[in-house]
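What follows is one structure encoded as structure tokens, with my remarks underneath.
Residue numbers begin at 1 in each chain, while the letters A, B, ... track the order of the sequences.
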Protein chains: 2
Amino acid sequence: MDENIRKRLHEMRKNGYKITPQRQEIVNAFLDSSRKLPLSAEEVYMKVKEKYQNISLDTVYRNLAVLQNLKIINRVNFHDVKSRYELNPGGDHQHHMICLTCGSAEPINFCPLKLLSENNFAAEKNFEIREHTFELFGYCSTCRERAIIDNA
Amino acid sequence: MDENIRKRLHEMRKNGYKITPQRQEIVNAFLDSSRKLPLSAEEVYMKVKEKYQNISLDTVYRNLAVLQNLKIINRVNFHDVKSRYELNPGGDHQHHMICLTCGSAEPINFCPLKLLSENNFAAEKNFEIREHTFELFGYCSTCRERAIIDNA
DNA sequence: TCCTAAATAATATATATTCTTATTTACTAG
DNA sequence: CTAGTAAATAAGAATATATATTATTTAGGA
Ligand SMILES: [Mn+2]
Ligand SMILES: [Mn+2]
Ligand SMILES: [Zn+2]
Ligand SMILES: [Zn+2]
């Protein structure tokens, strides 16, 4: 996936974007992160700061917006106040199961839109769908097992 | 629906809640609103202020939280930064089609969870679902028609 | 009517995000 | 390789949303 992402990063130039060190490092923050929880702007900021002490939070936000437009990353909004962002290797989208205990976000290989289109739902309503959200909140298997042990 | 909501409001007393004028007026703000767009805290605040000039925004937030716990209203999170709230006549939950032009939010009579449980999805993953979100964003029929006329 | 837990207003604080402006830099065309 | 320029940046101020603190008031039961 790294290659895919890097390739798309370099294609930015065609659209008049520049590839600055800060911009690259912001993408690296995502590539380096092994976490299942998508990164907040603040977390990206802290990571990039290790290499570029002077980077401003504004630069992070600006780049997150740009990368989002290019579909290199996706913004995901959980119950949390702040937005989170994750790499988007497929250039598509992703739904999640988010654990209310540990905060992990596991992708779901299911999209409810498929079913809606089979049902001809939007056509009937004359509504032109452009985007959608679908997220599950609950308790992941790890946290559930731990809860059982703790209660024993 | 007004009766249903008012009944549930009065049942609050049983749980140790008091029915203050401010609290009633906050519920009225929702009952009076004919808008399809759920109300933001700020909008509720402005509405209640017409009657109680001294109400504090904090009181609005506090009551929105209380009413949410009692399932009298639901919080809905659209793309927007701020949260919005709507009456919950069924005491259940509701998904929406939100228009990116006019902001209207039409309820959808479809919940993707039904299908997931048929598929035994969560059971396989060992994930205990507690909450979920599902919202469609796009263009409503009214705005689509208007766009066609404007272009003619 | 009195008592008390609950609710309130006022104010301060926290947190996330965006805006403004002066300066620097990545890229391109010559 | 250089120079010109649009794009990007850092710094800091500003805005927006939401929450916490505290002293005072009030709803509703005893
Ligand atoms: Mn989907
Ligand atoms: Mn549902
Ligand atoms: Zn977990
Ligand atoms: Zn519309």
Separation of [N] [atom2] from [X] [atom1] (nearest whole Å):
| X | N | atom1 | atom2 | value |
| --- | --- | --- | --- | --- |
| A:L39 | C:dA16 | CG | P | 14 Å |
| B:Q24 | C:dT8 | CD | P | 11 Å |
| B:E11 | D:dG28 | CD | P | 15 Å |
| B:R84 | D:dA16 | CZ | P | 15 Å |
| A:N63 | D:dA8 | CG | P | 8 Å |
| A:L67 | D:dA7 | CG | P | 17 Å |
| B:I26 | C:dA7 | CD1 | C1' | 11 Å |
| B:K51 | C:dT8 | NZ | P | 15 Å |

Please determine whether a side-chain nitrogen or oxygen atom of [X] lies at a distance below 4.0 Å from atom OP1 or OP2 of [N].
| X | N | answer |
| --- | --- | --- |
| B:N15 | C:dA6 | no |
| B:R62 | C:dT8 | yes |
| A:T59 | D:dA10 | yes |

Return the 5'-most residue of the pair B:Q53, B:R23 with respect to DNA chain C, ranking by each residue's nearest nucleotide. B:R23
Considering only distance and modelled atom types, tabulate donor-acceptor pairs under 3.5 Å from the side chains of residues 98-113 of chain B, sequence neighbours left out.
residue	atom	partner	partner atom	Å
B:E106	OE1	B:K36	NZ	3.2

Measure the shortest side-chain to side-chain distance between A:F30 and A:I72 over non-hydrogen atoms and say whether it is less than 4.5 angstrom. no
I'd like to check B:H132 versus A:H95 (side-chain heavy atoms, cut-off strictly below 4.5 Å). Are they in contact? no
Salt-bridge test for A:E42 and A:K82: reply yes if a basic N is under 4.0 Å from a carboxylate O, no otherwise. no
To the nearest 0.5 Å, atom CD1 of B:I5 lies from atom CG of B:N28 at 11.5 Å
In this structure, NE2 of A:H96 is separated from CG of A:N74 (nearest 0.5 Å) by 8.0 Å
Take nucleotides 17-30 of chain C nucleotide by nucleotide from the 5' end and write B, S or -, depending on whether a protein heavy atom sits under 4.0 Å from the base, only from the sugar-phosphate, or from neither. BBB-----BBS---
Taking A:H10 as the fixed residue, which of A:R13, A:K7, A:R6 is the one that meets the side chain to side chain donor-acceptor pair (under 3.5 Å) rule? A:R13
Determine to 10° how strongly the helix from C:dT1-D:dA30 to C:dG30-D:dC1 is bent, judged from the axes of its five-pair ends. 30°
Locate the shortest heavy-atom distance separating A:V44 from A:A29; write the atom from each residue and the value. CG1-CB, 4.4 Å
When you compare the side chains of B:T59 and B:R62, does any donor N or O come within less than 3.5 Å of an acceptor on the partner? yes
